[in-house]
Enquirer: 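Supplied in structure tokens, the structure appears directly below.
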Amino acid sequence: MARLSRSFFARPALVVARELLGKVLVHRTAGHERSGIIVETEAYLGERDLASHASRGRTARTEVMFGPPGHAYVYFVYGMHHCMNVVTGEDGTAEAVLLRALAPLHGIEADQRTDGPGKLCRVLGIDRAHNRSDLVRGDLFFRDGPPPPRGKVARGPRIGVDYAGAWSRKPYRFWWRDHACVSRKRR
DNA sequence: CTATTGATGGTC
DNA sequence: ACCATCAATAGG
């Protein structure tokens, strides 16, 4: 299946977040390939979205979100986990989509959990070295894949953003309904 | 089953 | 001081 191109990402985060369900995230390293089907995402809408890191404006850390679509925004949280986002929308906007869970497809050990943004990065070997990388051209990229069947896309409030007031309750999280690789409490 | 807490370091 | 998390633990 073909790689996802720049134009896929150059659309609003809410559209990309929903359409990424069923797509495949691939990480190639030295003769080794790990991949999984995306089953849970969250959209972050840019500077006006109080739940987004971009809401405090352009900083060294958030700069990449203001740039062109199709690049990775990878950050380190809680002193131990990495989270990966895809920059979406037009150059100059700061929209992004957080990847929250995968269904293992290839190169992932059977006992590894992939239901959570930190675990997703751990399992695929994604860290800050991938921040700002070009997902259209690099060794970390997306392949096309079949979407969830009709009726299997669910949406609800985002996780872990209670500090964002009304924005924390907006239904910007998308997941593959009933999928075993979305955490029990969240599916 | 739910609720709580400790680990640990970058960012602003 | 706070945090787009997770695993371990304690309690019902």
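Proteins get letters first, then strands, A, B, ... in listed order; numbering begins at 1 in each.
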Enquirer: With a 4.0 Å heavy-atom cut-off, tell me which residues in residues 49-71 of chain A come close to DNA chain B, sorted by residue number.
Expert: A/Thr59, A/Arg61
Enquirer: Got a sec, which residues hit side chain to side chain contact (heavy atoms under 4.5 Å, CB included) with A/Ala51, two or more places apart in sequence or on another chain?
Expert: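 Per chain and number, A/Ala51 pairs via side chain to side chain contact (heavy atoms under 4.5 Å, CB included) with A/Tyr44, A/Asp49, A/Arg158, A/Val161, A/Ala164.
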Enquirer: So, A/Thr62 and A/Thr59: side-chain donor and acceptor under 3.5 Å apart, yes or no?
Expert: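 Per modelled atom types, A/Thr62 and A/Thr59 side chains form a pair under 3.5 Å.
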Enquirer: Linking I/L/V/M/F/W/Y whenever their side-chain heavy atoms sit closer than 4.5 Å, directly or via other members, would A/Leu4 and A/Leu124 fall into one cluster?
Expert: yes
Enquirer: Just jot down the salt bridge (charged side-chain N to carboxylate O under 4.0 Å, His left out) partners of A/Glu33, sequence neighbours excluded, or say none.
Expert: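 Scan of A/Glu33 (salt bridge (charged side-chain N to carboxylate O under 4.0 Å, His left out), adjacent residues dropped) gives A/Arg28, A/Arg143.
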Enquirer: Can you measure A/His82 atom NE2 to B/dA7 atom P for me and round it to whole angstrom units?
Expert: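 Rounded to whole Å, this separation is 20 Å.
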Enquirer: For A/Ile37, which fellow cluster members are found when Ile, Leu, Val, Met, Phe, Trp and Tyr are connected by side-chain heavy-atom distances below 4.5 angstrom, either directly or through intermediates?
Expert: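 In the cluster with A/Ile37 are A/Val24, A/Val26, A/Val39, A/Leu105, A/Phe141, A/Trp175, A/Trp176, A/Val182.
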Enquirer: Flag the pair A/Phe142 / A/Phe8 as yes when their ring centroid distance falls below 6.0 Å, and as no otherwise.
Expert: no
Enquirer: Please list, for nucleotides 1-5 of chain B, all pairs of protein and nucleotide N/O atoms separated by less than 3.5 Å.
Expert:
none

Enquirer: Can you run through DNA chain C from 5' to 3' and write each base as (, ), [, ], | or . depending on how it pairs? Watson-Crick or G-U wobble, both distances under 3.5 Å.
Expert: |||.|||||||.
Enquirer: Give a yes or no on whether a salt bridge exists between A/Arg58 and A/Glu47, defined as a side-chain N under 4.0 angstrom from a carboxylate O.
Expert: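 A salt bridge is absent here (no side-chain N lies under 4.0 Å from a carboxylate O).
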Enquirer: Would you say A/His27's side chain and A/Arg34's backbone share a donor-acceptor pair under 3.5 angstrom?
Expert: no
Enquirer: Counting distance only, does the side-chain N/O of A/Glu95 pair as donor-acceptor with the main-chain N or O of A/Ala13 below 3.5 Å?
Expert: yes
Enquirer: Tell me which residues in residues 164-179 of chain A put a heavy atom below 4.0 Å from DNA chain C, sorted by number, or none.
Expert: none
Enquirer: What pairs meet the salt bridge (charged side-chain N to carboxylate O under 4.0 Å, His left out) rule with one or both residues in residues 174-187 of chain A, with sequence neighbours excluded?
Expert: A/Lys152-A/Asp178
Enquirer: Kindly write out the residues that satisfy side chain to side chain contact (heavy atoms under 4.5 Å, CB included) with A/Arg56, not counting sequence neighbours, or none if the list is empty.
Expert: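 Partners of A/Arg56 by the side chain to side chain contact (heavy atoms under 4.5 Å, CB included) criterion come out as none, since no residue qualifies.
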Enquirer: From CZ of A/Phe76 over to P of B/dA7, roughly how many Å is that when rounded to an integer?
Expert: 16 Å
Enquirer: Got a salt bridge between A/Asp91 and A/Arg6, using NZ or NE/NH1/NH2 to carboxylate O under 4.0 Å?
Expert: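 No, A/Asp91 and A/Arg6 are not salt-bridged.
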Enquirer: Rounding to a whole Å, what distance do you find between A/Arg128:CZ and B/dT8:P?
Expert: 15 Å
Enquirer: Measure from the ring center of A/Tyr75 to the ring center of A/His53 and say whether it is less than 6.0 Å.
Expert: yes
Enquirer: Using the 3.5 Å cut-off, write out each protein N or O paired with an N or O of nucleotides 5-9 of chain C and the distance between them.
Expert:
residue: C/dT5; atom: OP1; partner: A/Arg100; partner atom: NH1; Å: 3.4
residue: C/dT5; atom: O2; partner: A/His81; partner atom: NE2; Å: 3.0
residue: C/dC6; atom: OP1; partner: A/Pro117; partner atom: N; Å: 3.3
residue: C/dC6; atom: OP1; partner: A/Gly118; partner atom: N; Å: 2.9
residue: C/dC6; atom: OP1; partner: A/Lys119; partner atom: N; Å: 3.2
residue: C/dC6; atom: O4'; partner: A/His81; partner atom: NE2; Å: 3.3
residue: C/dA7; atom: OP2; partner: A/Lys119; partner atom: NZ; Å: 3.2

Enquirer: What residues, two or more places apart in sequence or in another chain, satisfy side chain to side chain contact (heavy atoms under 4.5 Å, CB included) together with A/Arg122?
Expert: none
Enquirer: Report the residues that fulfil side chain to side chain contact (heavy atoms under 4.5 Å, CB included) with A/Asp127, sequence neighbours left out, ordered by chain and then residue number.
Expert: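 Result, side chain to side chain contact (heavy atoms under 4.5 Å, CB included) vs A/Asp127: A/His82, A/Ala129, A/His130.
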